[in-house]
2 protein chains.
Amino acid sequence: MARLRSRKRVNDPEGMRNKVLDVAEAAFQARGYHASSLGDLMAAAGVSGGALHHHFPTKKALALAVIDERVAAAVEATWIAPVQAAASARDGVRAVFEAVAAELEQQGFVRGCPLNNLAHELSLADPDFRAALARIFSAWRQAIADKVRADQREGREQGTDPQRFAALAVATYSGAMSMAKTAQDAGVLRDCLPAQGEAWK
Amino acid sequence: MARLRSRKRVNDPEGMRNKVLDVAEAAFQARGYHASSLGDLMAAAGVSGGALHHHFPTKKALALAVIDERVAAAVEATWIAPVQAAASARDGVRAVFEAVAAELEQQGFVRGCPLNNLAHELSLADPDFRAALARIFSAWRQAIADKVRADQREGREQGTDPQRFAALAVATYSGAMSMAKTAQDAGVLRDCLPAQGEAWK
DNA sequence: GACAAAACAGGACAACCGGTCTGTTTATAA
DNA sequence: TTATAAACAGACCGGTTGTCCTGTTTTGTC
């Protein structure tokens with residue numbers, strides 16, 4: 001019997017499970033969950049049906065893994081970590097907006113926010129999906145709110161409500177990405193940031 | 001040959017085409033485009049396959065009709081008209097937020113914004129979808145921007161950029177609805193409005 | 001080396017999807 | 001009435017979907 005989880009790689013040094021997650025993450029982002037067939041994913045990942053079914057018994061299990069392991073990590077990397085590292089919550093939010101806008105304009109194509117893309121398609125489809133997605137939204141908002149509270153402990157942002165500020169930041173970003181995706185123009189992100197000197201309350 | 005388009009109803013006084021659009025609008029809103037099969041829609045509308053194919057040759061044509069005729073009308077009814085009728089752009093935006101929040105809290109269920117739901121799923125799937133959805137976003141934003149300009153002609157809102165204000169309003173609403181849908185809690189809409197007396201810039 | 005479990009291969013299958021086809025009824029115009 | 005086209009009914013088909021199932025290979029442990 002297996003006492004401890006074995007962590008040895010088999011054939012692929014990178015791991016076949018990770019390759020499937022890579023492909024699924026990209027496909028769900030580009031085409032959505034329902035529009036991505038397991039056949040497509042198998043072909044794109046160079047994986048047999050048996051292998052895929054071994055790691056992910058159902059398509060739902062695969063999507064849940066993508067959400068928990070990849071989408072959450074993406075939010076952490078592009079939002080939570082930069083905000084925590086910034087000089088202030090307000091600076092951090094602005095920096096992320098500008099960084100994402102610059103990145104999108106450089107690559108000339110807007111795929112949208114991974115979290116929001118899946119949230120719109122799957123939130124009402126299944127309670128498990130909704131719970132997993134809601135957790136990520138919650139962590140995202142809380143990280144920003146915590147940063148505001150840290151600012152307040154240092155005497156700044158006395159007039160701001162941490163919860164409201166975080167909700168507004170996440171909502172503005174999510175909505176701006178939605179528009180940017182539909183218009184295929186990242187400029188909307190900049191329009192949603194206040195002009196220099198103006199407050200963003 | 002048909003010289004002019006005949007407009008007489010056949011069996012159903014309400015029109016079978018409208019009934020299909022009703023059902024399709026609701027299904028696309030609740031389950032999305034790909035998750036709604038034509039069989040489901042036929043059963044829900046009590047319509048035969050031949051009838052559906054007569055009015056809408058393809059599923060894409062049906063979705064395009066839903067977007068152009070229903071989603072656009074929904075945005076017009078819940079956003080454009082109220083904003084135009086309001087005392088000011090700022091009041092109008094705030095009123096819509098509060099009206100939608102109240103309506104959602106009353107019915108205890110958040111289905112999300114019809115436009116954003118379809119935009120996320122279909123914007124990258126097909127250029128025709130994307131164009132139709134982008135048109136609605138554009139009209140939505142322009143109506144708000146026009147209202148700001150009307151305010152400015154009366155001496156108010158001198159410091160505000162109409163385009164930015166409109167983009168921010170639409171983005172905030174879209175993103176707040178996204179969170180509200182995933183959390184199944186309309187309270188986020190209120191969190192995204194500024195506290196009394198604070199400016200929303 | 002022996003053995004058990006995990007990792008993987010690949011075919012099979014039933015259900016379902018969207019679209020097409022042919023036929024029938026109804027309404028309009030001459 | 002008669003001709004014509006729109007409005008509708010319902011069966012049908014090829015292709016695809018997600019899942020399951022039976023083997024085979026590889027890995028880790030004694």
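Only heavy atoms go into these numbers, but all of them, side chains included; no hydrogens, no water, no symmetry mates.
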Asker: Under the ring-ring contact (aromatic ring centres under 6.0 Å, His included) criterion, do B/His34 and A/His34 qualify, and how do the steps go?
Answerer: CA-CA 6 Å; B/His34 287 103; A/His34 287 101; 7.3 Å; no

Asker: B/Leu52 CG to D/dA9 P: how many Å, rounded?
Answerer: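 Whole-Å distance recorded here is 11 Å.
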
Asker: Could you pull out all residues at least two apart from B/Gln142 that satisfy side-chain contact (heavy atoms from CB on, under 4.5 Å)?
Answerer: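 Partners of B/Gln142 under the side-chain contact (heavy atoms from CB on, under 4.5 Å) test: B/Asp146.
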
Asker: Between D/dC20, C/dC8, D/dG18, spot the one nearest the side chain of A/Leu38, thanks.
Answerer: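 In terms of side-chain proximity for A/Leu38, the closest of D/dC20, C/dC8, D/dG18 is D/dG18.
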
Asker: Which nucleotide sits closest to the side chain of A/His53: C/dC8, D/dC8, D/dC21?
Answerer: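 The listed nucleotide nearest to A/His53's side chain is D/dC21.
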
Asker: Using the side-chain heavy atoms of A/His54, tell me which of these nucleotides is nearest: C/dC8, D/dA9, D/dG18.
Answerer: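 It is C/dC8.
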
Asker: By the definition side chain to side chain contact (heavy atoms under 4.5 Å, CB included), identify the one residue from B/Ile144, B/Val148, B/Asp151 that meets it with B/Pro162.
Answerer: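 The side chain to side chain contact (heavy atoms under 4.5 Å, CB included) with B/Pro162 is passed solely by B/Val148 among B/Ile144, B/Val148, B/Asp151.
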
Asker: Measure CG/A/Leu41 against P/D/dG18 and give the value in whole Å, please.
Answerer: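 From A/Leu41 CG to D/dG18 P: 8 Å.
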
Asker: Across the strands shown, which category fits B/His55 at heavy-atom distances under 4.0 angstrom: base, sugar-phosphate, nothing?
Answerer: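 Here B/His55 touches the backbone only, sparing every base.
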
Asker: Checking contacts here: which listed nucleotide (C/dC8, C/dC17, D/dG18) is nearest the side-chain heavy atoms of B/Ser37?
Answerer: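 Of C/dC8, C/dC17, D/dG18, C/dC17 is nearest to the side chain of B/Ser37.
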
Asker: Nearest to the side chain of B/Thr58, which nucleotide is it out of C/dG19, C/dG10, D/dC8?
Answerer: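 The nucleotide sitting nearest to the side chain is C/dG19.
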
Asker: With respect to the side chain of A/Lys59, which nucleotide from D/dG18, C/dG10, D/dG10 is positioned closest?
Answerer: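 The answer is D/dG18, which lies nearest to the side chain.
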
Asker: B/Asp40: which residues meet the side-chain contact (heavy atoms from CB on, under 4.5 Å) condition with it, sequence neighbours left out?
Answerer: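 Here the qualifying residues are B/Ser37.
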
